[in-house]
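Input: a single structure, listed below in structure tokens.
Lettering of chains follows the sequences in order, A, B, ..., and the numbering in each one begins at 1.
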Amino acid sequence: MISNSQLVNKYFRHNKKFPHIWCPGCGIGIILGNMLRSIDALAIDKNDIAFVSGIGCTGRAPVYVDFNTLHTTHGRALPFATGLKLARPELNVIVATGDGDATAIGGNHLIHACRRNIDITTIIFNNYIYGMTGGQYSPTTPHGDKASTCKLGNIERPFNISALVEAAGATFVGRTTSYHTLQMQNIIKKAILHKGFSVVEVITHCPTTYGRINHKGSAVEMLKWQKEIAIDKSRAEKMSPKELEGRIITGVLIEKDLPEFCEQYDSIIEQAQSQAGKPK
Amino acid sequence: MNKKTSYQLMQGNEAVAEGALAAGVSFFAGYPITPSTEIAEVLADRLPATGGKFIQMEDEIGSIAAIIGASIGGCKSLTATSGPGFSLMQENLGFACLAEIPLVIVNVMRTGPSTGLATSPSQGDVMQARWGTHGDHPIIALTPSSVEEAFHYTIKAVNFAEKYRNPVILLMDEVIGHMRARVNLPPRSMVEQINRVHPNMPHEWYLPYERSATGVAPMASFGDGYRYHITGLIHDAKGFPTSNPNEARDNIRGLFAKIERGFSEICLVDYEYMEDAEHAIVAYGSMVLSARSAIEQLRESGIKVGLIKLGTLWPFPRFALERFLPQLKTILVPELNMGQIYREVLRVTSGKAIIEKLNRVNGTIIAPQEIVKTVKGMVR
Ligand SMILES: Cc1ncc(C[n+]2csc(CCOP(=O)(O)OP(=O)(O)O)c2C)c(N)n1
Ligand code: SF4
Ligand SMILES: [Mg+2]
């Protein structure tokens with residue numbers, strides 16, 4: 001496997017000013033690093049990757065890495081990526097999006113991208129909070145937890161992102177945490193190879209906002225908490241709903257082979273062209 | 001049909017779709033809305049045979065996002081909408097202005113605000129086209145006043161977008177969008193197609209936002225080997241976010257400078273009966289039709305009135321008025337809004353002539369007779 005220094009040298013932009021904007025201990029860097037390891041393991045040419053993001057701490061991931069990178073508007077990474085993928089189907093299009101970006105302001109785009117089954121890999125960095133704006137509750141903040149806009153506890157029920165995208169028709173769904181780095185690399189690899197719309201939900205930690213206001217401890221303690229709540233799908237299948245309460249099921253949750261959007265569109269083009277060629 | 005000029009009966013919206021194809025548009029994303037929907041329907045039918053692509057998105061926010069993405073992939077891209085959809089597009093329109101992404105938005109204007117009068121004409125989005133997205137930015141907005149012009153202006157819109165790396169808005173009123181007329185379209189070989197300039201330097205030397213002598217930076221498509229960053233944040237020549245005041249200034253002022261440089265080319269204006277005119281009607285879109293017929297009648301009764309027809313609304317072609325100010329006593333601006341271009345005319349003429357407005361916001365048009373009456377009142 002590629003060493004850390006090789007990874008940095010190969011994939012981080014040499015002409016970009018560092019340091020990055022993330023807080024010490026933030027989970028976003030872990031996910032980005034493992035995404036790069038997955039890409040490296042698949043030996044994909046850097047020119048063939050388009051890395052697209054929305055707005056938020058997560059949205060800042062593309063600027064540091066040496067791909068075709070596109071930092072869009074809040075919630076809209078998926079429709080930008082959709083147009084780009086249709087224009088350049090040969091590109092591997094990977095989207096990085098936060099829980100708020102993907103499921104609040106961008107929720108409509110997310111479900112429709114799932115339904116369309118366009119070949120885009122979407123990594124949702126779920127830190128249960130709006131990190132960038134200072135820790136307001138998001139659609140995934142657990143019921144009863146605190147945020148700067150619900151100091152007495154969240155009275156809304158959270159989305160289960162993986163269940164949501166499965167219901168919306170995503171043909172690949174995987175879930176992991178920023179603690180489970182090898183599992184994360186495996187799932188991201190499979191998601192990139194999957195022909196169709198794939199979602200990888202990564203449970204991660206924002207020690208600065210969600211962690212602090214909910215007394216979750218340091219970044220290390222939050223990683224340990226991820227280790228404790230995660231349960232692999234193969235083990236979860238043998239457990240009762242009671243035993244699974246408060247746990248997060250990880251692994252490849254959905255993997256289906258269904259017609260992909262760009263390929264179907266190519267056959268529309270073929271049909272239209274052969275009809276146009278026919279004398280009327 | 002491709003060889004020689006062809007006469008055909010065509011609707012304004014269909015002419016836009018034909019113009020888009022003639023200009024080389026290969027990507028359309030949209031969401032249905034009256035009175036623009038025919039544009040989407042025609043392109044959904046026609047694009048695949050050309051190898052182009054159509055997608056119906058979940059809303060207009062997604063539609064403009066998708067055409068930005070496709071443009072970054074190298075496709076000439078266009079969307080079509082009307083007021084409510086145009087409102088939804090504003091945030092990403094600003095993205096395209098700042099990131100300098102070529103694209104065309106066709107807005108077939110209906111009466112607003114809000115859902116308004118969904119099937120009635122209006123020119124109410126003129127100022128929204130100028131300032132609808134937040135922050136200082138230049139914009140190009142063209143407005144055809146006939147079906148044939150809808151074809152030609154769509155081509156111009158695509159060409160300007162490509163040349164200046166800027167979004168272009170084609171503002172049509174519902175009358176032009178839905179009017180059917182006999183048109184005389186040039187063969188494809190006669191249509192001028194402008195393509196964005198691509199970089200030709202070695203990959204390592206490419207600075208994506210370094211302006212060339214034209215004021216516009218060459219644009220690489222994603223996937224062509226020039227790996228670079230595109231963002232809606234204020235950025236430096238490398239495309240990377242910056243908060244350095246000098247770099248921020250250069251970024252925003254550079255946007256204005258490139259459009260200022262192209263000003264005289266971008267401003268489409270026509271003059272009719274202006275040589276000896278003492279009075280002028282400033283009109284655009286369907287108001288040109290009413291103005292023309294009014295001018296005929298007024299000329300018959302001996303009033304020396306001419307037409308200043310605006311094909312470009314933004315940047316505002318101020319010279320079109322300035323050059324006639326010495327000879328003009330009065331100017332009338334008939335509009336299907338409360339006086340959006342009237343304010344511009346007032347601004348650039350700064351009290352040097354008598355300016356009057358004639359406005360309509362009830363979903364009907366202004367008839368020639370009303371213009372005749374108003375001009376007669378002004379002349380007296
Ligand atoms: C249209 C719009 N509304 C609001 C904002 C402000 N805003 C920026 S980031 C953000 C939340 C991001 O949360 P999430 O997607 O979870 O990303 P994180 O920062 O947690 O990684 C908000 C509300 C914005 N940039 N644009
Ligand atoms: S605020 Fe939270 S999510 Fe954002 S960089 Fe800091 S730790 Fe990470
Ligand atoms: Mg978040």
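Shortest non-hydrogen contact noted between B:A49 and A:A272 is N-CB, 3.7 Å. The shortest non-hydrogen separation linking A:R13 to B:H229 is NH1-CB, 3.6 Å.
The greatest number of non-hydrogen atom pairs below 4.5 Å with chain B, out of A:K16, A:E90, A:E270, A:Q271, is found for A:K16. Between chain B and the options A:D45, A:D48, A:I49, A:I269, heavy-atom pairs under 4.5 Å are most frequent for A:I269. In terms of heavy-atom pairs under 4.5 angstrom with chain A, the leader among B:I55, B:I64, B:I230 is B:I230. Options B:G225, B:G232, B:S63 differ in how many heavy-atom pairs under 4.5 Å they form with chain A, and the most are formed by B:G225. Of the listed residues (B:P241, B:A65, B:A66), the greatest number of heavy-atom pairs within a distance under 4.5 Å of chain A belongs to B:A65. Between chain B and the residues A:L91, A:V63, A:I55, the largest count of heavy-atom pairs under 4.5 Å involves A:V63. Of all the listed residues (B:I67, B:L233, B:T242), the one sharing the greatest number of non-hydrogen pairs under 4.5 Å with chain A is B:L233. Interface check for chain A: of the options B:M57, B:H203, B:R227, the most heavy-atom pairs under 4.5 Å are formed by B:R227.
The local environment of OH in A:Y64 is crowded, with over 12 non-hydrogen atoms from other residues, nucleotides or ligands closer than 6.0 Å. Atom CG of A:D257 has 12 or fewer heavy atoms from other residues, nucleotides or ligands within 6.0 Å. Within a 6.0 Å radius of NE2 in A:H14, other residues, nucleotides and ligands contribute more than 12 heavy atoms.
With values rounded to the nearest 0.5 angstrom, A:T82 atom OG1 is found 7.0 Å from B:E58 atom CD. Atom CG in A:N68 sits 12.5 Å away from atom OH in B:Y226 (nearest 0.5 Å). Note that CD1 of A:I268 and NZ of B:K53 are 11.5 Å apart. Values are rounded to the nearest 0.5 Å. Interatomic distance, CD of B:E91 versus OG1 of A:T73, reported as 4.5 Å (0.5 Å rounding). Rounding to the nearest 0.5 Å gives a distance of 9.0 Å between OG1 of A:T72 and CD1 of B:I72. With rounding to the nearest 0.5 angstrom, the NE2 atom of A:H112 is 8.0 Å from the CG atom of B:D59.
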### Task
Just do the salt bridge (Lys or Arg N to Asp or Glu O under 4.0 Å) check on B:D224 and A:R88 with the steps written out, would you?
CA-CA 10 Å; B:D224 282 356; A:R88 303 297 280 237; 2.7 Å; yes
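Contacts of A:N15 with chain B are made by both backbone and side-chain atoms, with heavy-atom separations under 4.5 Å. For chain A, the nearby part of B:T50 is the backbone; its heavy atoms alone come within less than 4.5 Å. At a 4.5 Å heavy-atom cutoff, the contact between A:F261 and chain B is made by side-chain atoms alone. Contacts of B:K238 with chain A are made by side-chain atoms alone, with heavy-atom separations under 4.5 Å and no backbone atom involved. At a 4.5 Å heavy-atom cutoff, the contact between B:F27 and chain A is made by side-chain atoms alone. If you measure heavy-atom distances from A:L70 to chain B, the contacts under 4.5 Å come from both the backbone and the side chain. Both the backbone and the side chain of A:D66 come within less than 4.5 Å of a heavy atom of chain B. Neither the backbone nor the side chain of A:K85 comes within less than 4.5 Å of any heavy atom in chain B. Neither the backbone nor the side chain of A:R115 comes within contact range of chain B; no heavy atom of the residue lies under 4.5 Å from a heavy atom of that chain.
Under the 30°/60° scheme for interplanar angles, the aromatic rings of A:F80 and B:F95 are found to stand perpendicular.
Counting heavy atoms from C-beta on, the side chains of A:R76 and B:I68 never come closer than 4.5 Å.
Checking side-chain atoms of A:Y265 against main-chain N and O of B:F54 turns up a donor-acceptor pair under 3.5 Å.
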